[in-house]
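See structure below.
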Amino acid sequence: MSKNESMNENASTVSEIETFNIDKEKNFSEWFTEIVKRAELADMRYNVKGFVVYRAFATIAMKKMFDYYERELDKFGHEPVIFPMVIPESNFQVEKDHVEGFTPEVFWIERAGEEVLEERLALRPTSETAMYPLYSLWVRSWRDLPLKLYQSGSVFRYEGKSTRPFLRGREFIWIESHNVFKTMEEAIAQTREDMQIAYNVMTKIFGIPIIYFQRPEWDKFAGAVHTYAADTLMPDGKFLQLPSTHLLGSNFAEAFNITYTDQNGDEKIAYQTCYGPAISRIFGGMIAVHGDNNGLIFPFDVAPKQIIIIPIPKKKDIKHIEEYCIEIEKILVNEGYRVKIDLSDDRPGDKYYFWEMKGVPLRLEIGNKEVREKKITLFRRDSREKITFPFDDLVNTIAELGANLTKNLRNKAQKRFNESITDAETLDELEEKVNDKKICKIPWCSLDLDGEECAMEIKDQLAATVRGRDMREIDEDIRPKEGEKCFICGKSATCYVYVGKQY
RNA sequence: GGGUUCGUGGUCUAGUUUGGUAGGAUCUGCGCCUGGGGCGCGCAAGAUCGGGGGUUCGAAUCCCUCCGAACCCA
């Protein structure tokens, strides 16, 4: 931490007495299950496999996350809509690749009451086939374009057996944005805008480092021309796919007859993109990336509670102290912060552990001393530093430390991500590294279908996947040197790809 | 996809091998006590032992089946 980022020269750091018996780094999977229960994020006892109940603490944070995302989409000219959750089978089957890709995962409604429905209804696994028949009606003229709409809601996919709260469920909540353009160039530009939005929100607000990849041909969205997907790295060294954006070209436009009349009166086919950040999954990634052995750590802007005030009363001074706490709370609420005073009659130490486990970024400790001296003692969750400052500095201090805390989380996470990236020159070396929580950047023969065989070999032998080509390398046209070879098939390499285990 | 372990008050767990009174801890509520990093005491409340079926005089326990969960490997 640089000097001006440090909170105070007199800051003391509270030593780490770990709450869990579970080491996050060594035993991430158990840590995750435990924190979800302990912090009351989700209740897994809802008795349908792959469906969980999101509790208040997680729901508040996810609502905030939706807010930030939707605000960003609005800023870039997208408008909200709400489509039905059911899709008639005949709509669903219009685009050939799409049907093939999604059919194994679809939940079907076949009956209503005692009656068998004439046509089955799909519970949407994604909404292309719900929205595009209407798009076909809405888009008539070049004046109707671009059409940029999004909706927030849940979708249903019949996932295999390893479902986990937040990370993989049979229902998940997300935003899906569906856009229509006159030209392929505009559509491509939209995928760039999606990536920019993802970067603004994911990295700056949620503090989650991402790399955007162009997915290989064999691993793209069913019906897409190209898929670009953001991956982050989980503490156990596995990739987690976060927002993905798809260049649909005119595949769906042709299937759903989305055409427009141009300035010359000619009928033209439209070009499309779609984009889907899954908020529930991003939330899972966020708590995994930032948490520690004391529990959660929320980035300041999305924390369900941002500031917890702990009164430390001596018997005769309860009233005094409470009044001082309430005064502080009023000021902070006025500033728009989510604040709580913990007036329960547990010991202060008990409250410290509890709210740290819950991930509250800042804690104010108010006792006799603070009231007497008109001061405030503050503890920050990320660095475990404790400082005392004058009451009059309250608003400035909170604003500064809140922003600083998120930045610090982001930097730490980015550093870990960068340190996990390495390279490999042989299959054995690759195996050793991906089994040691690393991801490898290796020279690769082809992202087209002729590279699939090499990817299958990596999958079969190492249980790892080829994530694709880093978008930054596409932009800067970074390619392997003359003579560098794909070490799976030995053909000369056309690009670098990242390989690692995945969720 | 394969494997392992498992389901008993709200939560965690003993009891299952060898069928016979469901025991404890914690949480919750009330009363006291206490308070600058996980106090303590007392009282009370809380379970058709995951669901269904079977064997038996008798099932948490044995058998069948369904539902659900965790972890490991692909």
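Predicted model only: the values in this text are computed from it and were never measured.
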* Report yes if the side chains of A:Val360 and A:Lys340 come closer than 4.5 Å at any heavy-atom pair, otherwise no. => no
* Asked: What integer distance in Å separates A:Leu462:CG from B:rA74:P?
  -> 10 Å
* To do: Could you tell me whether A:Asp382 and A:Lys407 make a salt bridge, using a distance below 4.0 angstrom between a side-chain N and a carboxylate O?
  => no
* **C1'-based separation of B:rG50 from B:rA60 [nearest Å]** => 12 Å
* Is A:Glu327 paired with A:Lys374 through a side-chain N to carboxylate O contact shorter than 4.0 Å? -> yes
* Structure fact -> Of A:Phe51 and A:Lys501, the one whose nearest nucleotide on RNA chain B sits closer to the 5' end is A:Phe51
* Interatomic distance, A:Trp355 CH2 vs B:rG38 P [rounded to whole Å] -> 18 Å
Between the protein and nucleotides 39-48 of chain B, which nitrogen or oxygen pairs are less than 3.5 angstrom apart?
unit_1 : atom_1 : unit_2   : atom_2 : d
B:rC39 : N1     : A:Arg347 : NH1    : 3.3

* Ignoring hydrogens and angles, answer whether the base of B:rG36 and the side-chain atoms of A:Glu370 contain a donor-acceptor pair closer than 3.5 Å. => yes
* Structure fact -> Applying salt bridge (Lys or Arg N to Asp or Glu O under 4.0 Å) to A:Glu365 and not counting sequence neighbours gives A:Arg363, A:Lys386
* To do: Using the six-membered ring of A:Phe156, assess whether NZ or CZ of A:Arg170 lies under 6.0 Å from its centre and within 45 degrees of the ring axis.
  => no
* **Closest-nucleotide 5' rank along RNA chain B - winner of A:Arg45 and A:Ser344** => A:Arg45
* Go through the N and O atoms of the side chain of A:Glu365 and the base of B:rG37, and report whether any donor-acceptor pair is under 3.5 Å. => no
For nucleotides 70-72 of chain B, which of its nitrogen or oxygen atoms have a protein nitrogen or oxygen under 3.5 Å away, and what is each distance?
unit_1 : atom_1 : unit_2   : atom_2 : d
B:rC71 : OP1    : A:Ser29  : O      : 3.3
B:rC71 : OP1    : A:Ser29  : OG     : 3.2
B:rC71 : OP1    : A:Thr33  : OG1    : 2.7
B:rC71 : OP1    : A:Arg164 : NH2    : 3.2

* Asked: So, A:Arg120 and A:Glu110, do they make that salt bridge, N to O below 4.0 Å?
  -> yes
* Strand RNA chain B as a dot-bracket string - pairs counted if Watson-Crick or G-U with both distances under 3.5 Å, | where the partner lies in another strand -> ((((((((.[[[[.)....(..]]]].(((((.......))))).....[[[[[..)....]]]]]))))))).
* Asked: With sugar-phosphate meaning primed atoms plus P, OP1 and OP2, does A:Asp460 contact a base, only sugar-phosphate, or nothing at under 4.0 Å between heavy atoms?
  -> sugar-phosphate
* Structure fact -> The salt bridge (Lys or Arg N to Asp or Glu O under 4.0 Å) partners of A:Asp392 (sequence neighbours excluded) come to none
* **Distance, C1' atom - from B:rA47 to B:rG9, rounded to whole angstrom** => 5 Å
* Asked: So what does A:Lys369 touch, heavy atoms closer than 4.0 Å: a base, only the sugar-phosphate, or nothing?
  -> base
* **Listed partners of A:Tyr228 passing ring pair (Phe, Tyr, Trp, His ring centres under 6.0 Å), at least two apart** => none
* Asked: Between CD of A:Gln306 and CZ of A:Arg381, what distance do you get to the nearest 0.5 Å?
  -> 16.0 Å
* Asked: Quick one: A:Lys459 NZ to B:rC73 C1', roughly how many Å, whole number?
  -> 15 Å
* To do: Assess the pair A:Phe283 and A:Phe66: is the distance between their ring centroids shorter than 6.0 Å?
  => no
* Answer yes or no: is there an ion pair linking A:Lys438 with A:Asp436, defined by an N-O contact shorter than 4.0 Å? => no
